[in-house]
Amino acid sequence: MRLTSGIWVSAYVRRAFVEGAFAAVVRRGAEEAGAIFVVVDRLDGTVDLYGPAPQTAFDDERPTDRLFSRLGEGIDRLALQQRLASEMRFDPDVWVVEIEDRGGRAFLDIAPD
C-alpha cells in the first residue's frame with residue numbers, strides 16, 4: 001500500500017532538511033492522493049521541475065514508492081509558473097514542494113528514460 005500524499009510530502013521535506021537543503025510546501029493538495037510536483041531552485045535564477053512519472057514508466061508490478069520525471073531543467077520562474085498553472089487547471093488537488101539547493105539535488109526516485 002502506498003503512503004498518502006500528505007505523509008509522503010512530510011517525510012520528503014524532513015529528508016531535504018536532513019540533507020542540508022531548505023524545503024517548503026508551497027501548495028497543499030489533496031491529503032490522500034494529490035499529485036506531487038517538486039521545484040528545485042538552484043539559487044542561480046533557474047529551477048528544475050519534477051512531476052509524477054507517466055504510467056509507462058512502471059512495469060507490471062507497480063512499485064509502492066513514487067517515481068518522478070524531470071519535466072523541466074534550468075527553466076526560469078515565468079515558465080515554471082505557467083507550467084504549474086496548467087497542471088492546477090487540469091488537477092486542482094496537486095501539491096507543490098520547493099527545494100532550495102545550489103547543487104540541484106532533488107532527493108527523488110527518477111524514472112528511467
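Every heavy atom of this structure was used, including side-chain atoms; hydrogens, water molecules and symmetry mates were not.
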- Of all residues at least two apart in sequence or in a different chain, which pass the side-chain hydrogen bond (donor to acceptor under 3.5 Å, both in side chains) check with Glu73?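 By the side-chain hydrogen bond (donor to acceptor under 3.5 Å, both in side chains) rule, Glu73 matches Arg70.
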Transitive ILVMFWY side-chain link [X] to [Y], under 4.5 Å:
X	Y	result
Val13	Val47	no
Trp95	Leu49	no
Ile75	Ile110	no
Leu71	Phe68	no

| What pair of heavy atoms forms the shortest contact from Ile99 to Ala16, and how long is it? |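 Where Ile99 meets Ala16 most closely, the heavy atoms are CD1-CB, 3.7 Å.
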Please give me the minimum heavy-atom distance between Ala111 and Ala53, naming the atom from each residue.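 It is CB-CB, 3.8 Å.
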Separation between OG (Ser86) and CG (Asp91), nearest 0.5 Å, reads 11.0 Å
Interatomic distance, CZ@Arg105 vs CD@Glu100, rounded to 0.5 Å, equals 13.0 Å
Contacts of Arg15 meeting side chain to side chain contact (heavy atoms under 4.5 Å, CB included) (sequence neighbours excluded), chain-then-number -> Glu19, Phe107
- Message: So, using side chain to side chain contact (heavy atoms under 4.5 Å, CB included) as the criterion, who are the partners of Ser10 when residues are at least two apart?
- Response: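 Partners of Ser10 by the side chain to side chain contact (heavy atoms under 4.5 Å, CB included) criterion, ordered by chain and then number, come out as Arg14.
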Only pairs under 3.5 Å count here: list side-chain donor-acceptor contacts from residues 23-41, not counting sequence neighbours, and write none if there are none.
residue	atom	partner	partner atom	Å
Arg27	NH1	Pro92	O	3.0
Arg27	NH1	Val94	O	3.0
Arg27	NH2	Pro92	O	3.2
Arg28	NH2	Glu31	OE1	3.0
Asp41	OD1	Leu43	N	2.7
Asp41	OD2	Arg77	NH2	2.9

Applied to residues 9-36, the ring-ring contact (aromatic ring centres under 6.0 Å, His included) test, sequence neighbours excluded, yields Trp8-Tyr12, Phe17-Phe22
Contacts of Tyr50 meeting ring-ring contact (aromatic ring centres under 6.0 Å, His included) (sequence neighbours excluded), chain-then-number -> none
Only residue of Leu78, Asp76, Leu84 satisfying side chain to side chain contact (heavy atoms under 4.5 Å, CB included) with Leu80 is Leu84
Notebook entry, point to check: Step by step, would you call Arg66 with Asp109 a salt bridge (Lys or Arg N to Asp or Glu O under 4.0 Å)?
Noted result: CA-CA 7 Å; Arg66 296 175 188 265; Asp109 291 328; over 6 Å; no
